[in-house]
Chemist: 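Please see the structure below; I have some questions.
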Amino acid sequence: MPQQPEPLVAKLLLAWYDRHHRELPWRVSPAMRGRGLRANPYHVWLSEVMLQQTTVQAVKPYFQKFLNLWPKVTDLAAANTDDVMAAWAGLGYYARARNLKKCAEAVATEHGGIFPDTEAGLRALPGIGDYTAAAVAAIAFDRQAAVMDGNVERVISRLYAISDPLPGAKPLMKSKVVAVTPAERPGDFAQGMMDLGATICTPKRPACALCPLNGECLALRDHDPERFPVKAAKKEKPVRLGAAFVAVDGQGRVLLRRRTASGLLGGMTEVPTTDWTSRKDGGTDVEHAPFRADWQPCGTVVHVFTHFELRLSVYRAHLNATANADGWWEPVETLGEQALPTVMKKAITLAIPLAFQP
DNA sequence: AATACGGGGGG
DNA sequence: CCCCCAGTATT
């Protein structure tokens, strides 16, 4: 038998959350909710999608920008997809933005503009997986849904000293979260667990002395908490090479292209590049340029993706007129409004240092 | 079950 | 600086 009766974990965690929860733009504090103020499902959903694989700090300005541009889910559903991609640029994992738009459209057309209020109903929508469905159901609709993200995995794996490695141990961890999730205030419990993982039960050097669960934690009692969660060995990233071409025409405009709709950086904007597997063993980069010009090398951009490292040789050319090429010519002044992912901003900045200055 | 998919922050 | 972190969809 575990030392801690299940209700105790929820009681301790909720008491801690009442005192230490973070104020966030999409969050309704326990005190305000006590006065009848409900969380806005659109805000909760938007923030949770942005928070997938992404830190609170990075999300904040994007969340505000999206709400200013599209105050209601029906506004987002009616928006121009290119505008949504441009607004998302820099946040990463761009399939999230494509699915965000699809989800808003589904809510608007199939659900009358009202989000489903059950975990299963939410789970059926584009871009909403196990985590987001449970989070929105618990936080926005007060459903007793067990929310498990990376923070919760860490807290749970330490609380029960789970030595099985991730990702195989996920079902076991999920069963533990189900067992401790209370019927009362499940949304606050979920947010409290995630806040605890983000601020106290951190990956390195956890602040166990400040933890409300330190009396129940088996890892603290019997092991080194930092050892948990145990993870399967990771493999090394391959390196891919390529070249990027920043062309500036006689009117101070830069040649841009649209990437194909799916796959890496799908639907985003780019400057012309070679493919990203090319070795430098046959021919030179400029043979693959969009057109003949006086291409000048201006250095290399290194960008690390999840599963490979990209080294882009950047070339620049200033033209007297406008060359004929696929894509479009964008004034340097409006480059900041384009759906340019970070790697492309890096490449353009290397070629035109002041390109993104205000 | 394994892989594809960005970017930011901390030690 | 290198190392680590973290959901969903697809295959």
Side-chain angles (χ1 to χ4, degrees), chain A residues 44-62 85 88-103 106 119 122-136 145-157 164-171 173-174 177 190 193-195 197-199 201-207 226-240 259-270 276-277 301-310 312 339-347:
Chain A
V44 174
W45 163 74
L46 179 62
S47 66
E48 290 300 344
V49 173
M50 288 181 168
L51 286 164
Q52 292 165 8
Q53 307 288 98
T54 309
T55 58
V56 165
Q57 190 65 19
V59 163
K60 277 182 180 173
Y62 284 88
M85 299 308 290
W88 195 275
L91 203 50
Y93 285 114
Y94 298 98
R96 289 187 297 171
R98 300 193 294 271
N99 284 328
L100 190 82
K101 180 75 164 77
K102 287 183 197 165
C103 183
E119 195 174 351
L122 291 159
R123 182 66 178 81
L125 291 166
I128 297 187
D130 291 341
Y131 162 75
T132 307
V136 176
V147 177
M148 193 171 76
D149 74 341
N151 290 305
V152 177
E153 285 175 2
R154 194 165 52 252
V155 173
I156 287 291
S157 69
D164 302 9
L166 285 170
K170 276 194 185 208
M173 293 184 188
K174 183 64 178 281
V177 182
M193 289 287 277
M194 293 189 282
D195 278 15
T199 62
C201 196
T202 49
K204 303 296 178 190
R205 296 181 51 112
E226 208 168 292
R227 285 179 23 199
F228 301 92
V230 180
K231 298 192 173 186
K234 53 196 173 294
K235 60 178 194 181
E236 60 175 289
K237 292 176 198 252
V239 174
R240 296 189 200 173
R259 293 177 62 82
T260 54
S262 64
L264 186 73
L265 307 177
M268 300 296 286
T269 304
E270 67 174 5
W276 297 352
T277 55
V301 160
V302 178
H303 191 77
V304 182
F305 292 90
T306 307
H307 51 300
F308 68 92
E309 174 182 317
L310 175 65
L312 269 185
L340 288 162
T342 298
V343 63
M344 292 301 157
K345 288 187 176 176
K346 283 187 194 173

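Residue numbers start from 1 in every chain, and the chains themselves are labelled A, B, ... in the order their sequence lines are given, proteins ahead of strands.
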Chemist: Between M173(A) and L166(A), is there a side-chain heavy-atom distance shorter than 4.5 Å?
Modeler: yes
Chemist: Go through residues 90-102 of chain A and report each residue with a non-hydrogen atom lying under 4.0 Å from DNA chain B, sorted by number.
Modeler: G90(A), L91(A), G92(A), Y93(A), Y94(A)
Chemist: Looking at the side chain of H303(A), which of dG8(B), dA9(C), dG7(B) is the nearest nucleotide?
Modeler: dG7(B)
Chemist: Can you tell me, in whole Å, how much space there is between the C1' of dG8(B) and that of dA9(C)?
Modeler: 23 Å
Chemist: Is the shortest heavy-atom distance from the side chain of T132(A) to the side chain of L125(A) under 4.5 Å?
Modeler: no
Chemist: Can you tell me which nucleotide in dG8(B), dA4(B), dT8(C) comes closest to the side chain of D130(A)?
Modeler: dT8(C)
Chemist: Measure the distance from CD on E226(A) to C1' on dG10(B) and round it to the nearest whole Å.
Modeler: 13 Å
Chemist: Is T132(A) side chain donor-acceptor paired with the dG7(C) base, going by distance under 3.5 Å alone?
Modeler: no
Chemist: With sugar-phosphate meaning primed atoms plus P, OP1 and OP2, does Q57(A) contact a base, only sugar-phosphate, or nothing at under 4.0 Å between heavy atoms?
Modeler: sugar-phosphate
Chemist: Take atom OH of Y131(A) and atom P of dA9(C), then tell me their distance rounded to the nearest Å.
Modeler: 14 Å
Chemist: With a non-hydrogen cut-off below 4.0 angstrom, is P167(A) in contact with a base, only sugar-phosphate, or nothing?
Modeler: nothing
Chemist: Under 4.0 Å, heavy atoms only, any strand: does Q52(A) hit a base, just the sugar-phosphate, or nothing?
Modeler: sugar-phosphate
Chemist: Is the ring centre of F305(A) less than 6.0 Å from the ring centre of H303(A)?
Modeler: yes
Chemist: Send over the distance from L166(A) CG to dA1(B) C1', rounded to a whole Å.
Modeler: 14 Å
Chemist: Show your working on salt bridge (charged side-chain N to carboxylate O under 4.0 Å, His left out) between K237(A) and E309(A) and close with a plain yes or no.
Modeler: CA-CA 6 Å; K237(A) 292 176 198 252; E309(A) 174 182 317; over 6 Å; no
Chemist: Under 4.0 angstrom, heavy atoms only, what part of the nucleic acid is G266(A) near: base, sugar-phosphate, or nothing?
Modeler: nothing
Chemist: What's K345(A) touching, base or sugar-phosphate or nothing? Going by heavy atoms closer than 4.0 Å.
Modeler: nothing
Chemist: Sticking with atom P, work out how far dC5(B) lies from dC4(C), rounded to a whole angstrom.
Modeler: 23 Å
Chemist: Scan I128(A) against the nucleic acid and name what it touches under 4.0 Å (heavy atoms): base, sugar-phosphate only, or nothing.
Modeler: sugar-phosphate
Chemist: With respect to the side chain of R123(A), which nucleotide from dG7(B), dA6(C), dA9(C) is positioned closest?
Modeler: dA9(C)
Chemist: Please give the nucleotide sitting opposite dG6(B) as a Watson-Crick or G-U wobble pair, both distances under 3.5 Å, or none.
Modeler: none
Chemist: Quantified in whole Å, what is the P atom distance between nucleotide dC3(C) and nucleotide dG6(B)?
Modeler: 23 Å
Chemist: Let me spell it out: for each of K204(A) and L264(A), pick the nucleotide of DNA chain B with the closest heavy atom. Which residue's pick is nearer the 5' end?
Modeler: L264(A)
Chemist: I'd like to know if K170(A) pairs up with E153(A) as an ion pair, taking the criterion as any Lys NZ or Arg NE/NH1/NH2 lying under 4.0 Å from an Asp or Glu carboxylate oxygen.
Modeler: yes
Chemist: At under 4.0 Å between heavy atoms, what does V49(A) touch on the DNA or RNA strands: base, sugar-phosphate, or nothing?
Modeler: nothing
Chemist: Considering only side-chain heavy atoms of H307(A), which listed nucleotide, dA4(B), dC5(C), dG6(B), is closest?
Modeler: dA4(B)
Chemist: Tell me what T342(A) touches on the nucleic acid: a base, only sugar-phosphate, or nothing, going by heavy atoms under 4.0 Å.
Modeler: sugar-phosphate
